[in-house]
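This report refers to the structure that appears directly beneath it.
Each residue takes its place number in the sequence, starting with 1.
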Amino acid sequence: MRIQFAAAWLVAGFSLLSGATLVGGAQGPKDPLEQVFADWRLRQDQTHNLRYTLVGQGMIPKGKRGPAGTVVPRDFIYKKERVVTLDMDNNRMSKTTLDSYFNSASNSFFPLRKAATYDGSVTRVFIPRAGNTEDFQRGKFDPELWLVTGKGGIHLDPDDRPILLAHGIVASSPEQEFVGVMSGPQMNLRPRLNPDNFSLHTKALHGDRECLVLRTKVQGDGVPGKFYELWVDPALESAVVRFVWYYRWKIYESTDIQYQKTPHGWLPESWSRSHSLEKISGAAGWLEQWSRFRVKEVTVNRRLDAGEFTVALKPGMVVVGTDKGHYRVEEDGKSLARLDPGQGELGWLSILRVLIGLALLMLVLWCIFRYFKGRRRALAG
């Protein structure tokens, strides 16, 4: 009797365990890609705005070729700084940078500070005179501020990409890509994520952590072997820990990202990026360089001010307007006075007017001279 009773309990327990297993099996784990995109959408939904303050370095190796065929005389390591602010809810953005540029005339580098803002309709690019080196040669009446419509955003370069990836801003197709694009359609800080444009290529270790390696479809824009590869750590809320850009089936650019736990989830702590054109085609421009950034401060979902997404006008500032005309800001700091296209103290139109005026004056004087000379001859006769 006791044996039958115990057997009955074993059968019932086995049935319950089997049922639980079957129920769990019916639900099943999510498809890896499905879970990744669910995490990316959540990152998008949870971010209304962000601001990253970054400090870092860039390096261009000795002997590498720069613009106009000049050669870098030594390993050049330079300081990089930037503050990136993105307003996802209103599609506004701003970015201030300190970077270094190559002066082919002196075969050397010079630092340059600049800012770019987009308020939802107008892009502003500001290169101030104050705080910038004389190596960035400008005339007294050259512009400091450029206003552009139709661009739909600011220039975000590949060093900014980890910020975008950390908040679910992942380009699913070439049409959605705006990193590195100087001009083009409206930038969308909440792009529609399309899993159909990705495939699970393999699994691999990034350090000691197992990652899913996703690849985008090969782009059909006439360049063979052009696609992205994203290494995703499922344990870090599907954070992209490595981004690789293939071009002609070779690695053109790679970025490795380290994350930190924050009140807003796993966000970047630092990253390093390298790229090389030499391995692809030996194209003009830098053949090889790397950059490294550390997140000095990050804020998410704070109260924003509209002034963060514009550039304040100052008296005397020269501005290129949306009509590509040149203007000087008046003393009231608001009114704009149009300048001549020559952009000098007089401008070539003004100079032309002065020359024409002088010619007319000389003609009048000559006519007066001829008149009085004729009168004198008449009186003498």
Side-chain angles (χ1 to χ4, degrees), residues 67 82-99 101 103 110 112-157 160 175-191 304-357:
R82 62 185 58 192
V83 178
V84 179
T85 305
L86 303 178
D87 176 7
M88 280 68 166
D89 290 345
N90 300 290
N91 216 55
R92 301 181 298 180
M93 51 198 85
S94 72
K95 174 180 167 183
T96 61
T97 60
L98 167 64
D99 221 318
Y101 293 83
N103 185 338
F110 64 92
L112 185 68
R113 294 184 182 274
K114 61 180 179 179
T117 65
Y118 177 65
D119 62 5
S121 59
V122 178
T123 299
R124 294 170 172 83
V125 179
F126 179 48
I127 304 181
R129 295 179 185 278
N132 271 323
T133 175
E134 295 180 358
D135 287 313
F136 183 64
Q137 298 177 357
R138 285 185 291 184
K140 181 180 178 182
F141 291 89
D142 286 343
E144 288 184 88
L145 178 63
W146 289 259
L147 309 181
V148 184
T149 55
K151 186 180 186 306
I154 64 175
H155 180 234
L156 295 172
D157 61 59
D160 302 315
E175 293 74 26
Q176 290 183 340
E177 179 64 278
F178 55 77
V179 172
V181 177
M182 296 298 294
S183 62
Q186 177 72 40
M187 294 181 179
N188 182 8
L189 294 179
R190 293 195 187 278
L304 298 174
D305 186 280
E308 297 181 55
F309 303 98
T310 187
V311 176
L313 299 179
K314 295 181 180 180
M317 180 186 289
V318 178
V319 179
V320 176
T322 56
D323 61 351
K324 298 184 179 180
H326 290 67
Y327 300 84
R328 183 189 288 110
V329 181
E330 299 282 44
E331 289 301 317
D332 61 6
K334 298 178 181 178
S335 305
L336 298 176
R338 189 176 182 97
L339 297 173
D340 291 330
Q343 288 307 288
E345 291 194 24
L346 293 176
W348 68 267
L349 281 180
S350 296
I351 294 173
L352 182 61
R353 293 191 190 105
V354 171
L355 292 176
I356 292 174

Just verifying a value: how many Å separate [X] [atom1] and [Y] [atom2], rounded to the nearest 0.5 Å?
X      : Y      : atom1 : atom2 : value
Arg82  : Lys114 : CZ    : NZ    : 9.0 Å
Asn91  : Asn188 : CG    : CG    : 6.0 Å
Leu86  : Leu156 : CG    : CG    : 6.5 Å
Arg124 : Leu145 : CZ    : CG    : 7.5 Å

Hey, does the side chain of Thr149 reach the backbone of Val122 with a donor-acceptor pair shorter than 3.5 angstrom?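 Checking the backbone N and O of Val122 against the side chain of Thr149, no donor-acceptor pair under 3.5 Å is found.
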Look at the side chain of Glu144 and the backbone N and O of Arg129, then say whether any donor-acceptor pair between them is shorter than 3.5 Å.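 Yes.
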Taking all atoms of both residues into account, what is the closest heavy-atom pair of [X] and [Y], and its distance?
X      : Y      : value
Asp305 : Gly307 : OD1-N, 2.7 Å
Met93  : Phe309 : N-CD2, 3.4 Å
Met187 : Ile154 : CE-O, 2.6 Å
Glu330 : Leu336 : CG-N, 4.4 Å

Asp119 versus Ser121, side-chain donor and acceptor atoms under 3.5 Å: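 Judged by distance alone, the side chains do pair up.
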In chain order, what residues pass the side-chain hydrogen bond (donor to acceptor under 3.5 Å, both in side chains) check against Thr96, with sequence neighbours excluded?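 side-chain hydrogen bond (donor to acceptor under 3.5 Å, both in side chains) check on Thr96 returns nothing, list empty.
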Scan the side chains in residues 311-323 for donor-acceptor partners under 3.5 Å anywhere in the protein, sequence neighbours excluded, and list what turns up.
unit_1: Asp323; atom_1: OD1; unit_2: Gly325; atom_2: N; d: 2.9
unit_1: Asp323; atom_1: OD2; unit_2: Tyr327; atom_2: OH; d: 2.6
unit_1: Asp323; atom_1: OD2; unit_2: Arg338; atom_2: NH1; d: 3.3

Taking C-beta and beyond as the side chain, do [X] and [Y] meet within less than 4.5 Å on heavy atoms?
X      : Y      : answer
Lys95  : Asp160 : yes
Arg190 : Asp89  : yes
Phe126 : Thr117 : no

